[in-house]
Chemist: 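The structure follows.
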Amino acid sequence: MAVNICGTGSYIPSHIMDNNDIAALVDTSDEWIRERTGVERRHLVNGETTVSMACEAGRRALQYAGVSPEEVDLIIVSTISSNVILPCAACEVQNGLGAVNATCFDLSAACTGFVLAYNTAAAYLAGGVYSTALVIGSESLSNLIDWRDRGTCILFGDGAGAAVLRTDSRKMYLPVTHSDGGKGSALTLKSRHDRNVLDRSPQDRERYEGDGYFMQMDGKAVFQFAVKKVPEVIREVLEKNSVGQDEIDWFLLHQANKRIVDSVAKRLGGPIEKFPMDIQEYGNTSSASIPILLDEMNRKGLLKKGQKIVIAGFGAGLTWGASICDWM
Ligand code: ACO
């Protein structure tokens, strides 16, 4: 039994912060950020939460699929930026949508999160445990970033994307995923935050000075890991499923840095047109980046029935993985 993505949705906050706005906060420039990352602007929560964005993306995906909330029997929310520890974001989404028959849980694997959530839902569906799943990636990373650290604050943005999965009679593809906990120090975050540090009082800000309370990243190490491991895992997943690289219509990579996507495309022999990007508009939205891109492409009519798509994620943990899906 295989699975089919039968609907997508996304929610992007309307509040925009462009590179010049960031240059007013830290010692950087629009030119540096564009050249080194490809990011031009990012959308940030302004009243929204990780859960409210997840709910709206999920609602839009269900509407697209023509699936009622009551038909959903599994909801997985991939996030590292849930508003609260308990209850889990997926249960709050269930409540918001009225998906009363769903089993709900969160998954935490940072920028590989959506790929792992997709694989988890697909395995449940393929095994016959459930028949309709809603998989969501939602992040308000602006709350987790130290806006005084130019090494991280230039990269990230907020948003949510969702996909509805159903069982299908076509061929089942097996995913390939890896983790290397020994390299976890490359990307760390000690504390959960429900608001942007800039919205805190000076006294409150001091509480969170230093000591890893905001996201800390060895950018170079993550970059080198990504450009090596992502092409490797894509080759692995193609080989495992006896699918030729030329049979793939789209490679949807986690949007972390334009130079990473360019480098992966080059190492795989391109063409770059098969590696769509929207990082210029949203920055790195962690586990939301792949479903946001998927929904954008779907709504633009770029995805055609029968096309084959590779989704590939990488990030904190370290974790990385790739999966193949047939479109609709
Ligand atoms: N503006 C201006 N100058 C800067 C900035 C900035 N924002 N940041 C760093 N610099 C300076 C540095 O101080 C350094 O100056 P020096 O040469 O005088 O020492 C120079 O620019 C180069 O710095 P690098 O850190 O080497 O810059 P790099 O080209 O590596 O770009 C970046 C940094 C953009 C962070 C890059 O390493 C990157 O994108 N890494 C990958 C991050 C990623 O993919 N994360 C995904 C996972 S996220 C998750 O899982 C939640």
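As the structure lists them, so they are numbered: ligands from 1, and atoms in each ligand from 1. The first residue of the sequence shown is numbered 1, and numbering continues consecutively from there.
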Chemist: Check whether any side-chain heavy atom of I154 sits under 4.5 Å from a side-chain heavy atom of V39, and report yes or no.
Modeler: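 I154 vs V39: side chains apart.
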Chemist: With a 3.5 Å cut-off and no angle check, do the side chains of N20 and R41 form a donor-acceptor pair?
Modeler: no
Chemist: Between W320 and F225, how do the two ring planes meet: parallel, tilted or perpendicular, split at 30° and 60°?
Modeler: perpendicular
Chemist: Could you list the atoms of ligand 1 found under 4.0 angstrom from a heavy atom of A256?
Modeler: 44 (O), 46 (C)
Chemist: Verify whether one side chain among D326 and Y173 offers a donor that lies under 3.5 Å from an acceptor in the other.
Modeler: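 Yes, Y173 and D326 have a side-chain donor paired with an acceptor closer than 3.5 Å.
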Chemist: Within a distance under 4.0 Å of any heavy atom of G219, pick out the atoms of ligand 1 and give their elements.
Modeler: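 Heavy-atom distances to G219 below 4.0 Å select 37 (O), 40 (N), 41 (C).
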Chemist: Please list the nearest protein heavy atom to atom 32 (C) of ligand 1 with its residue and the distance rounded to 0.1 Å.
Modeler: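 Residue, atom and distance for the closest contact: N257 ND2, 4.6 Å.
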Chemist: Would you mind running through ligand 1 and noting each atom that sits below 4.0 Å from a heavy atom of T37?
Modeler: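 Matching atoms, with element in brackets: 34 (C).
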Chemist: What protein heavy atom sits nearest atom 25 (O) of ligand 1, and how far away is it?
Modeler: K220 NZ, 4.6 Å
Chemist: Which of the numbered atoms in ligand 1 are under 4.0 angstrom from any heavy atom belonging to A110?
Modeler: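 So the answer, numbered in order with elements, is 50 (O).
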Chemist: Give the C-alpha distance, both sets of side-chain angles, the deciding distance and a yes or no for side chain to side chain contact (heavy atoms under 4.5 Å, CB included) between R150 and W32.
Modeler: CA-CA 11 Å; R150 68 176 184 174; W32 194 95; over 6 Å; no
Chemist: For ligand 1, which atoms, with element, lie under 4.0 Å from some heavy atom of T28?
Modeler: 1 (N), 2 (C), 6 (C), 7 (N)
Chemist: Give the residue and atom name of whichever protein heavy atom lies nearest to atom 46 (C) of ligand 1, and the separation in Å to one decimal.
Modeler: N284 ND2, 3.6 Å
Chemist: Check each atom of ligand 1 against the heavy atoms of R36 and keep those under 4.0 Å away; list them by number with element.
Modeler: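 Atoms satisfying the 4.0 Å criterion: 29 (O).
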Chemist: Would K258 and E40 pass as an ion pair if we require N to O under 4.0 Å?
Modeler: no
Chemist: Is it the case that the side chains of T285 and Q255 hold a donor-acceptor pair, with the cut-off being a distance below 3.5 Å and no angle test?
Modeler: no
Chemist: Could you name the option among W32, F156, F225 that has the heavy atom nearest to atom 23 (O) of ligand 1?
Modeler: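 It is W32 that holds the nearest heavy atom.
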Chemist: Does atom 18 (O) of ligand 1 have a protein heavy-atom neighbour under 4.0 Å away?
Modeler: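 Under the 4.0 Å cut-off, atom 18 (O) of ligand 1 has no protein heavy-atom neighbours at all.
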Chemist: Grab the two heavy atoms, one from D158 and one from L44, that are nearest each other, plus how far apart they are.
Modeler: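 Nearest heavy atoms, D158 then L44: OD2-CA, 3.3 Å.
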Chemist: Protein heavy atom under 4.0 angstrom of atom 21 (O) of ligand 1, is there one?
Modeler: yes
Chemist: I'd like to check atom 44 (O) of ligand 1 in this structure: does the protein have a heavy atom lying under 4.0 Å from it?
Modeler: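 Yes, at least one protein heavy atom sits under 4.0 Å from atom 44 (O) of ligand 1.
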Chemist: For atom 28 (P) of ligand 1, what's the nearest protein heavy atom and its distance?
Modeler: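 For atom 28 (P) of ligand 1, the nearest protein heavy atom is R259 NH2, 3.9 Å.
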Chemist: Side chains of N298 and Y64: any donor to acceptor distance under 3.5 Å?
Modeler: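 Present: a donor and an acceptor within the cut-off.
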Chemist: Any protein heavy atom sitting closer than 4.0 Å to atom 38 (C) of ligand 1?
Modeler: yes
Chemist: What is the nearest protein non-hydrogen atom to atom 11 (C) of ligand 1, stated with its residue, atom name and distance?
Modeler: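 I find the closest protein heavy atom is R150 NH2, 3.7 Å.
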Chemist: Within ligand 1, which atoms have a heavy atom of M217 less than 4.0 Å away?
Modeler: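 Under 4.0 Å from M217, ligand 1 has these atoms: 35 (C), 42 (C), 45 (N).
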Chemist: Looking at atom 51 (C) of ligand 1, what's its closest protein heavy atom, distance included?
Modeler: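 So the nearest neighbour among protein heavy atoms is C111 SG, 3.2 Å.
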Chemist: Quick one: which ligand 1 atoms are inside 4.0 Å of a heavy atom on I260?
Modeler: 44 (O)
Chemist: Report yes if some heavy atom in the side chain of L97 is under 4.5 Å from a heavy atom in the side chain of R59; otherwise report no.
Modeler: yes
Chemist: Using heavy atoms and a threshold below 4.0 Å, how should the contact between L187 and ligand 1 be classified: side chain, backbone, both, or neither?
Modeler: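 Answer for L187: side chain.
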Chemist: Quick check: do D73 and S131 have side-chain heavy atoms less than 4.5 Å from each other?
Modeler: yes
Chemist: One thing to verify: whether R235 and E239 come together as a salt bridge, which I'm taking to mean a side-chain N less than 4.0 angstrom from a carboxylate O.
Modeler: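 Here E239 does not pair with R235 in a salt bridge, since their nearest N and O are not under 4.0 Å apart.
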